Structure formats: structure tokens, C-alpha cells
Novice: 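This is the structure I want to talk about, given as C-alpha cells.
These numbers were taken from a predicted model, which means no experiment stands behind them. The analysis underlying the following values was restricted to heavy atoms, covering all of them including side chains, and did not include hydrogens, waters or symmetry mates. Positions are given from 1 along the sequence.
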Amino acid sequence: MNQQQHQNVIRLGLWAGQLMLQHGADSKLAETTVHRLCTALGADWADIAITANSLMLTTVSNKEFLTKVRRVVDRGINLKVVCDVAGLAEMVERGVADEYEVERRLRQLSDKPKKYNRWLVAGVVALSCACFCFLFGGGLQECAVTLVASLVGMTVRQQLGHQHVNPLINFAVTAFVATTIASCGVLFNIGEQPRIAMAATVLMLVPGLPSINAVSDAVEGYMSMAVARWAFATLLVMATGIGIMLAMMTTGVWSWV
């Protein structure tokens, strides 16, 4: 492999790893995929170092070492992108795709990642919160309040995310809006247990994937990433709590039960 090919391999490897980390992959999966992709494209070896906001890759070819670093910026959870990038490594290993096909697919995933319709996502999230309300013992009226509050809250969250607002501010504002609307059920005595809607509405803000990735990274030995992800998940929970408290101060409804 000549120097130009070596440059292309490390560029594609960094690109693939960046996409995976940006869209919610855990560190082990990203490292394994990048290593497989680089070696399948012709590198003798590939070593990856992952931090909270950057990815460093070193490839070896004909005893020549090449190292590059790329910044990782959060672009929202999209496991379809993660699966597609992981599938690219397998395609190259089987000889189905070459470096030109890899670059074409990575560019496509970067420019236009496949996403569900935003209204479909908001509707399904709102429905799931309403189902939680029902499981908590709420009736149809409480579930209806939860559905409306969650739908509006999720719409606000999506809009703020589209405008690249800081995630902590996003969660705080979303929690404030959703809790304020759900509090109306208590103020107007909608249903027998209207406070249940307040608790169920904000369940859409539970940082599930960051917490799971934090535990996964800790178990697999990526301690720095585990601590960073756990800290971020904790900050999201704190931001949500601040939004809930501000809403309760505004409406005067201070209890979920």
C-alpha cells in the first residue's frame, strides 16, 4: 500500500469512527469497527484512542506509522447510522465494497442520515409516556393529559435540538414545558389522580443510552469515556430536575403523589 492509499485508509477510518461516536455507539463497538475497516482496506494494524470529544487513530502500513485526530461532536442518537457504518466493515472484509464505495456511503450517511419523521417520533414518544401513566395507575383522563404534555414537550425538544441549543438547556426547557402543561391536570382536577401525569410526562427525558454506554464502557475498560458519559448523563438529569422545579414554582403544584 502506497502513501496515498495509506492516507485514504486512515481518513476513512477516522470518518467511520467519528460517525459512530457522534450517533451513540459505545467505545468498544467503535474501536472494533474502525480496526476491522482499516485492516480490511489494507492497513497492517490500527490503534484507536477515544476521548469524550475526539478520536485519535494510528495506522501501520509497511512499517510506516500514520496518526491523525478528529473532533467528535454530538449529533444526536441515531443507531441506524451506527449499524450502517458497522456493516461497512463487514462488506469490505467480504470484498463486496472497496474504499470508493466506503467513501460514498460515509458521505451519504454524513450528509443525509436516515431519520424517522419528527412527528412520528413525537407521537410515539407521547404515546409511550401515556402508557407509563396507565401503568402507574392513571385513568384515561390522566393518560390524555400525559399524551398532550409529552407531545408538546417532545416537539419543543426537537425544535431546540434542530437549532443546536445546548442539550442541558434543551432538557431543562423541555421539562419545564411538559411539567407546566401536566400541572394543569392538577389545577383543573382532571381525573382522579392527576399528579401521576406529571411524573409520567418527563420520563421521555431519562438519558437511557448515555447511561447504558457509560456502564458498558466501564465494564469493557474504557474508564475515561465511562466517567465522561456518566457525568454527562448526570448533568442531563440535573437539568431535567431544574426544569421540573421551575415549573412547580410557576404553577404552585409541588408534588407528584
Novice: Which atoms form the tightest heavy-atom contact between Ala43 and Thr59, and what is the distance?
Specialist: CB-CB, 4.4 Å
Novice: Would you name the heavy atoms of Ala149 and Ala182 that are closest together and state the gap between them?
Specialist: CB-N, 3.9 Å
Novice: Quick one: are Asn53 and Val73 in side-chain contact, heavy atoms under 4.5 Å?
Specialist: no
Novice: Walk me through whether His162 and Arg118 qualify under side-chain contact (heavy atoms from CB on, under 4.5 Å).
Specialist: CA-CA 11 Å; His162 182 70; Arg118 61 176 297 184; 5.7 Å; no
Novice: Can you check whether Val92 reaches Leu37 side chain to side chain, under 4.5 Å on heavy atoms?
Specialist: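 In short, these two side chains touch, coming nearer than 4.5 Å.
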Novice: Restricting to pairs with a member in residues 29-54, which pass salt bridge (charged side-chain N to carboxylate O under 4.0 Å, His left out), not counting sequence neighbours?
Specialist: Arg36-Glu93
Novice: What's in the same ILVMFWY side-chain cluster as Leu14, cut-off under 4.5 Å, chained through other members?
Specialist: Ile10, Leu21, Val34, Ile48, Ile50, Leu55, Leu57, Leu66, Val72, Tyr222, Met225
Novice: Please walk me through it: do Phe65 and Thr58 pass side-chain contact (heavy atoms from CB on, under 4.5 Å)?
Specialist: CA-CA 7 Å; Phe65 289 75; Thr58 298; 4.1 Å; yes
Novice: Would you kindly confirm whether Leu79 and Leu106 end up in one hydrophobic cluster when ILVMFWY residues are joined by side chain heavy atoms under 4.5 Å apart?
Specialist: yes
Novice: Do Thr179 and Ser183 have side chains that get closer than 4.5 Å, going by heavy atoms?
Specialist: yes
Novice: Among all residues two or more places apart in sequence or in another chain, which pass the ring pair (Phe, Tyr, Trp, His ring centres under 6.0 Å) test with His6?
Specialist: none
Novice: Verify the neighbour count for atom CD of Gln108: are there more than 12 heavy atoms of other residues, nucleotides or ligands below 6.0 Å?
Specialist: no
Novice: Which heavy-atom pair separates Ser150 from Cys129 by the least distance, and what is that distance?
Specialist: OG-CB, 3.2 Å
Novice: To the nearest 0.5 Å, what is the distance between CG (Leu203) and SG (Cys131)?
Specialist: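 Between atom CG of Leu203 and atom SG of Cys131 there are 11.5 Å.
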Novice: Please round to the nearest 0.5 Å and tell me the distance separating atom CE of Met249 and atom CD1 of Ile244.
Specialist: 14.0 Å
Novice: Yes or no on side-chain contact (heavy atoms from CB on, under 4.5 Å) for Met198 and Val253, after CA distance, side-chain angles and deciding distance?
Specialist: CA-CA 10 Å; Met198 294 176 62; Val253 181; 3.6 Å; yes
Novice: Is Met56 reachable from Leu29 through a run of I, L, V, M, F, W or Y residues, each pair having side-chain heavy atoms under 4.5 Å apart?
Specialist: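 Not linked; separate clusters.
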Novice: Going by side-chain contact (heavy atoms from CB on, under 4.5 Å), name the residues that satisfy it together with Ala228, two or more places apart in sequence or in a different chain.
Specialist: Ala52
Novice: Does Leu140, at its CG atom, have more than 12 non-hydrogen atoms belonging to other residues, nucleotides or ligands within less than 6.0 Å?
Specialist: no
Novice: Under the side-chain hydrogen bond (donor to acceptor under 3.5 Å, both in side chains) test, which residues partner Thr174, sequence neighbours left out?
Specialist: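 With sequence neighbours excluded, Thr174 shows a side-chain hydrogen bond (donor to acceptor under 3.5 Å, both in side chains) to Asn170, given in chain and number order.
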Novice: Met91 versus Leu88: any side-chain heavy-atom pair under 4.5 Å?
Specialist: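 Answer yes - side chains close enough.
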Novice: Are Phe188 and Val145 connected in the hydrophobic side-chain network, where two residues link if heavy atoms are under 4.5 Å apart?
Specialist: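 Yes, one cluster joins them.
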Novice: Salt bridge check, Arg195 against Glu142: does any charged N sit closer than 4.0 Å to a carboxylate O?
Specialist: no
Novice: Could I get the full list of salt bridge (Lys or Arg N to Asp or Glu O under 4.0 Å) partners for Glu220, not counting sequence neighbours?
Specialist: none
Novice: Please step through side-chain hydrogen bond (donor to acceptor under 3.5 Å, both in side chains) for the pair Trp15 and Ser110, ending with a clear verdict.
Specialist: CA-CA 9 Å; Trp15 196 353; Ser110 297; 2.8 Å; yes
Novice: Quickly, which of Ile242, Ile181, Leu246 forms a side chain to side chain contact (heavy atoms under 4.5 Å, CB included) with Phe176? Name it, please.
Specialist: Leu246
Novice: Report the C-alpha separation of His23 and Leu19 in whole Å, then their side-chain angles, then the decisive distance to 0.1 Å, and conclude whether the side-chain contact (heavy atoms from CB on, under 4.5 Å) test is met.
Specialist: CA-CA 6 Å; His23 291 286; Leu19 279 175; 4.3 Å; yes
Novice: Under the salt bridge (charged side-chain N to carboxylate O under 4.0 Å, His left out) definition, can you give me all pairs with a residue in residues 67-84, not counting sequence neighbours?
Specialist: Lys80-Asp84
Novice: Do Thr201 and Phe132 make a side-chain contact, defined as non-hydrogen atoms from C-beta onward lying under 4.5 Å apart?
Specialist: no
Novice: Go through the structure and list residues passing side-chain contact (heavy atoms from CB on, under 4.5 Å) with Asp111, not counting sequence neighbours.
Specialist: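 Result, side-chain contact (heavy atoms from CB on, under 4.5 Å) vs Asp111: Arg107.
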Novice: Who else is in the cluster with Val124 when I, L, V, M, F, W and Y are joined by side-chain contacts under 4.5 Å?
Specialist: Tyr116, Leu120, Val121, Val125, Met154, Leu168, Phe171, Met204, Leu205, Phe232, Leu235, Leu236, Met238
Novice: Linking I/L/V/M/F/W/Y whenever any side-chain heavy atoms sit under 4.5 Å apart, do Val102 and Tyr100 land together?
Specialist: no
Novice: Between Ser54 and Thr51, do the side chains contain an N or O donor and an N or O acceptor separated by less than 3.5 Å?
Specialist: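 Yes.
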Novice: Should we count CD of Gln5 as having more than 12 external heavy atoms under 6.0 Å?
Specialist: yes
Novice: Just to verify, what does Gln158 make a side-chain hydrogen bond (donor to acceptor under 3.5 Å, both in side chains) with, not counting sequence neighbours?
Specialist: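 side-chain hydrogen bond (donor to acceptor under 3.5 Å, both in side chains) check on Gln158 returns nothing, list empty.
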Novice: Between Ile190 and Cys184, is any pair of side-chain heavy atoms under 4.5 Å apart?
Specialist: no
Novice: Give the minimum heavy-atom separation between Pro194 and Gly185, together with the two atoms involved.
Specialist: CB-O, 3.3 Å
Novice: Scan residues 227-241 for pairs that pass side chain to side chain donor-acceptor pair (under 3.5 Å), counting only residues two or more places apart or in two chains.
Specialist: Asp217-Arg229
Novice: Check whether any side-chain heavy atom of Phe136 sits under 4.5 Å from a side-chain heavy atom of Gln193, and report yes or no.
Specialist: no
Novice: Can you name the nearest heavy-atom pair linking Cys143 to Gly138, along with the distance?
Specialist: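 Scanning both residues completely, I find the closest heavy atoms to be SG-O, 4.2 Å.
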Novice: Count the heavy atoms of every other residue, nucleotide or ligand shown that sit under 6.0 Å from CD of Glu192, and state whether that count exceeds 12.
Specialist: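 Incorrect, the count does not exceed 12.
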Novice: Under 4.5 Å between side-chain heavy atoms, counting indirect links through other Ile/Leu/Val/Met/Phe/Trp/Tyr residues: same cluster for Val148 and Phe134 or not?
Specialist: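 Shared cluster, no.
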Novice: Ring pair (Phe, Tyr, Trp, His ring centres under 6.0 Å) with Trp119: which residues, sequence neighbours excluded?
Specialist: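 Testing Trp119 for ring pair (Phe, Tyr, Trp, His ring centres under 6.0 Å), a comparison that skips the adjacent residues, returns none.
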